[in-house]
Structure formats: structure tokens, C-alpha cells
Protein chains: 2
Amino acid sequence: MPAEASSSRPATPPLTERQEARRRRILHASAQLASRGGFDAVQMREVAESSQVALGTLYRYFPSKVHLLVATMQDQLEHMHGTLRKKPPAGDTAAERVAETLMRAFRALQREPHLADAMVRALTFADRSVSPEVDQVSRQTTVIILDAMGLEHPTPEQLSAVRVIEHTWHSALITWLSGRASIAQVKIDIETVCRLIDLTEPEGRT
Amino acid sequence: MPAEASSSRPATPPLTERQEARRRRILHASAQLASRGGFDAVQMREVAESSQVALGTLYRYFPSKVHLLVATMQDQLEHMHGTLRKKPPAGDTAAERVAETLMRAFRALQREPHLADAMVRALTFADRSVSPEVDQVSRQTTVIILDAMGLEHPTPEQLSAVRVIEHTWHSALITWLSGRASIAQVKIDIETVCRLIDLTEPEGRT
DNA sequence: ATCAAGTCTGAAACTTGTTCTAGATTAGCG
DNA sequence: CGCTAATCTAGAACAAGTTTCAGACTTGAT
């Protein structure tokens, strides 16, 4: 039995250099088109042409438009996580730091609202066939939040709070993207839900 | 100037009896198809045929598939609100009553998971052109939650908490529908977020 | 270097949401 | 009743996601 076979990733055969390059080109084209016009502007034919790849190949790399956009989101999330690591949030309480982190991410999304639209819509529209990828995004988000809280060993209660924060984050983004909530409102919602964290800690303020 | 012209609804001309009947048939067909196979199973041609209406007419009544499914959700929400009114939740605290109400709604959705899938996916996938309708659904949900809390005049803080609860509700439903969270997990998330309500009241328990 | 297996390409076909058109029906009004 | 505008119908047409296929190109192993 091979040593590196069945652990985390479901046996992704390593890509050759050219394949890696194709994958990058595709993700880049996807993000670029998304930045222009959001979810609808990411048309599979255009992505294929833009990244100089045949349509069939595009579908071999990403089995659906939603898969592609979720992968695009994973890609962007990594950037973001790196950026956030450099300047950790400065609040006194965990709740403040998480809220600050999320607001920073929110401001980044505001700079590319169309891209945000494409990624978030894909994420929430994803059906079961994309669950593993969506779950990966979710885990990455969890890590970012736990980082901001500064926790090594969260209690189950704290994990619940984090999950609720993620729910609020996604849903608040959607209401903002669809023009049903203002930026200020999203801020309030994030701050409100972050107060849940205080409930799970001995030292709350106020 | 006419007396009843421009108030709440944007001048919906009253429907004739046959039109009202058509509308009902369409919504019924939509719910029926959704119950079978979820979002994908609601195909506009089938809805049209099923409700004995031409495709063009269907589009005159509901300008897109998402509009149709959101209207279907409005319809179902009304039923649910009526049902909930009959047996108000019995918990001691507002948080308990809201959690109980939402879990009751959740159990109702579990009975028709495909229908739930179609409605919730439509709701979160909706773009700006559906905002008024989605907003209406959101208002209706707010009313249900405030009902459960037993509040006449909620404070702005309490309204924030309610918004966060709605966010969590929608997003938790999505994770459940896409198989990424168990029923138990949704329950925990709902109970967790409902504790936010205690933060906005003088008399918390514990 | 050569062969087999796997990958990529270009193009057509298929599916389903959406739009359009021409003619039939219906509703409201004189 | 008879007219006119609005509505409805059947069906074609179009758009974009997805699938399929035959042939060309790469890759890895011998």
C-alpha cells in the first residue's frame, strides 16, 4: 500500500507544469471576468477562450461553473488569509478582533463587488455535488476567524458561535450584494453576532 | 387623483377571477414539481404545461424562475404563519420561544426537503431584480420571529438580533440542504444564535 | 525512439431558461 | 351587440451551461 495515498485530498494526481499553468490561467480568467460583471459575466465559453483552453478542457478541470467559481473563491481566500496574517487585528476582546477582521475582509470585497457577487452567489447556490469544495471554503473561513480570536483549542460552544458568525457573514453579504442592506447595516449585523463570542468567555466587558 | 392609487403595492391591477385561478394553478404546479425534485425539477416548460398555461403567459405572471419560486415561498410562508399562530410557542424566555418556532418551521421543511431546496436556493440566488419580493419574504419572517418573542415595540438592538437570527436561519438551512450540516447541527446553531436575544433583555436566565 | 494511455482541441449537439411573433380569445365599453 | 385593447396561445428562436466525439498532441514506460 502506497504511503501517501488516501489521506485528506481524494487522490488528486499531481499536475504537470503545463497543467498547473492551465489551471492558473483558467482561475485568472474567471476572476477577471467576474470582476467585470459578476456571476452572469463568467461565461464558460469566454473563460475557455480567455484562458486559451478548449471548452472540454475547462470542464475537465472544473466540472461546472459553480465549481469554477468556488475554486476561484478558495484562491482569493488564500490571498486574503495571507494578507490578514501580516496585520493581525488589534482589538482588546476576541469579539472586537473578529469583527475587525470580518470588516477588513468586507472592505476588500467592496473593492471588487462584482467578483464578490460571483463568488458568494456560487457558494450559496452550490448543490451537493460541490459540497466538498464549499466545505473547504468554510473550513478556511473558520480558521481565519479562530485566528482572529486567538484560540488554540476552542470549546464546542465556541465552535458553535463561530459557525453562527459564518452564517451571518454569508447571509449578510448576500443581502448587501442584492442591494437589500447597506454597508452600515452589514457592519451592525457583524458586530451584533460577534457579541456571541463574549457569551462563551469568562472575561466579557461591560 | 384616484384615492387608492400609489400606496404599498406598485399599482397591481386587480386580477380577474380566471387570472387569479391561473396564478393559483401556476403556484400549485410549481410547489408540486419542487416537492418532487427541488430547484432543478421546476422547469418552466413543465410548470406551464402542468398549470395549463402557455409559456409566454407563465412569464407574464412571473418574470423568471426565481421570481416564481420566491412567490411560491411567499405562499408557503403564509400557510406556515397561520399554522404557527394557532399554537404559539410555550417557552419561558423569548430566546426559547424563537428557537422553538424556528425548529417547528424546520421540521415542516424536513417533511418536504425538495421543496425547501427549491425555495431557499431561489431566495439566496435571487439578484437585484427580485429584491422587492425577497424583501417581502424577509419582512414576513421578521414578523414571525417578533411574534414568537412577543414584542410590540422592539428596540433597534433587538431588531439587529432578529436580523442576525434570520441570517443564521437561511444559511443554516443551506448547509443542511447541501448535506454539509446535520439536523442536529442546525438545531444547535439556531439555539446558539437565539441566545443573542437574551443579551438585549434585562431578565436573562442562568 | 516507440508505443499505449491519457489529455487536449475544435466543433457540433443537447438542455433549459428566456424572448419573440402572429394569430386567437377575452374583457370592458359604447 | 360590436369594437378595441389587453391578454392568451402555440410555437419558433435565441442564449448559455453542459455533453459528446473524432482526431491531434503529450507523457511515461519500455
Side-chain angles (χ1 to χ4, degrees), chain A residues 2 11-27 29-30 33-34 36-72 117-118 121-122 125-130 133, chain B residues 2 11-26 29-30 33-34 36-72 117-119 121-122 125-130 133:
Chain A
T12 304
L15 300 181
T16 73
E17 205 164 322
R18 306 184 62 188
Q19 288 176 321
E20 194 55 57
R22 270 190 207 103
R23 205 185 117 89
R24 293 263 112 242
R25 285 207 306 279
I26 293 173
L27 286 175
S30 166
L33 287 171
R36 289 222 197 306
F39 188 89
D40 293 331
V42 180
Q43 303 197 352
M44 298 305 268
R45 287 169 171 90
E46 281 203 47
V47 173
E49 187 175 355
S50 227
S51 48
Q52 303 196 270
V53 136
L55 192 54
T57 306
L58 172 53
Y59 273 95
R60 170 184 280 270
Y61 280 70
F62 302 97
S64 79
K65 173 170 172 171
V66 168
H67 280 86
L68 170 58
L69 285 173
V70 170
T72 303
D117 172 78
R121 296 260 295 285
F125 190 59
D127 67 359
R128 298 181 108 85
S129 72
V130 205
E133 288 81 359
Chain B
T12 305
L15 300 181
T16 73
E17 204 164 321
R18 304 183 61 188
Q19 289 175 320
E20 194 55 56
R22 271 192 206 102
R23 206 184 116 87
R24 294 262 111 244
R25 285 207 305 279
I26 293 173
S30 167
L33 287 171
R36 289 222 197 305
F39 189 89
D40 293 332
V42 180
Q43 303 196 352
M44 298 304 268
R45 287 175 234 271
E46 280 203 48
V47 173
E49 186 177 356
S50 223
S51 49
Q52 302 198 274
V53 135
L55 192 55
T57 305
L58 172 53
Y59 273 94
R60 171 184 280 270
Y61 280 71
F62 303 96
S64 78
K65 174 169 171 173
V66 169
H67 279 88
L68 170 58
L69 285 172
V70 171
T72 303
D117 172 78
M119 297 189 306
R121 295 259 295 284
F125 190 59
D127 67 359
R128 300 180 105 86
S129 71
V130 206
E133 288 81 1

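For clarity, every value in this text was computed on a predicted model and none was experimentally measured. Below, chains carry the letters A, B, ... as their sequence lines are ordered, and counting in each starts from 1.
Distance B:Ile26 CD1 to D:dT7 C1': 13 Å, rounded to the nearest Å. Rounded to whole Å, the distance from CG on B:Asp127 to P on C:dT18 is 10 Å. We find that CG of A:Leu69 is positioned 10 Å from P of D:dT18, with the value rounded to whole Å. Rounding to whole angstrom units, CZ of residue A:Arg18 and C1' of D:dC25 are separated by 9 Å. The distance between atom CD of A:Gln19 and atom C1' of D:dC25, rounded to the nearest whole Å, is 13 Å. Residue A:Leu68 contributes atom CG, which lies 14 Å from atom C1' of D:dT18 at whole-angstrom precision. A:Tyr59 has its OH atom 5 Å from the C1' atom of D:dT18, to the nearest Å. To the nearest angstrom, P of C:dT7 lies 16 Å from CG of A:Leu58.
Side-chain proximity of A:Lys65 to C:dC8, D:dT9, D:dG17: nearest is D:dG17. Closest contact between the side chain of B:Arg22 and the listed nucleotides C:dC8, D:dG28, D:dT9 involves D:dT9. Side chain of A:Thr57, nearest nucleotide from C:dG28, C:dC8, D:dG28: C:dC8.
Checked by atom type and distance alone, the side chain of A:Ser30 never pairs as donor or acceptor with a backbone atom of A:Ile26 at under 3.5 Å. Judged purely by atom type and a 3.5 angstrom limit, B:His67 has no side-chain atom pairing as donor or acceptor with the backbone of B:Glu133.
The shortest distance between side-chain heavy atoms of A:Leu33 and A:Gln43 does not fall below 4.5 Å. Using a 4.5 Å cut-off on side-chain heavy atoms (C-beta onward), B:Arg18 and B:Arg22 make contact.
The environment of CD in A:Glu49 is sparse: at most 12 heavy-atom neighbours from other residues, nucleotides or ligands sit within 6.0 Å.
Of all the residues in residues 37-56 of chain A, A:Arg45, A:Gln52, A:Val53, A:Ala54 reach under 4.0 Å from DNA chain C with at least one non-hydrogen atom.
From one end of the helix from C:dA1-D:dT30 to C:dG30-D:dC1 to the other, with five pairs defining each end axis, the axis direction shifts by 10° (rounded to 10°).
Closest approach of A:Ala118 and A:Gly38 over heavy atoms only: CB-C, 3.8 Å. Nearest approach of A:Val42 to A:Lys65, heavy atoms of both residues: O-NZ, 3.0 Å. Listed here is the closest heavy atom pair of B:Ala122 and B:Leu69: CB-CB, 3.4 Å.
Contact annotation for A:Phe62: no contact, since no heavy-atom pair falls under 4.0 Å across all strands.
At the phosphate of C:dC8, OP1 or OP2 sits under 4.0 Å from a side-chain N or O atom of A:Tyr61.
Along DNA chain C, the nucleotide nearest to B:Thr16 and the one nearest to B:Pro63 differ in position, and the one closer to the 5' end is contacted by B:Pro63.
The aromatic rings of A:Phe39 and B:Phe125 sit perpendicular to each other, their planes meeting at more than 60°, with 30° as the lower class boundary.
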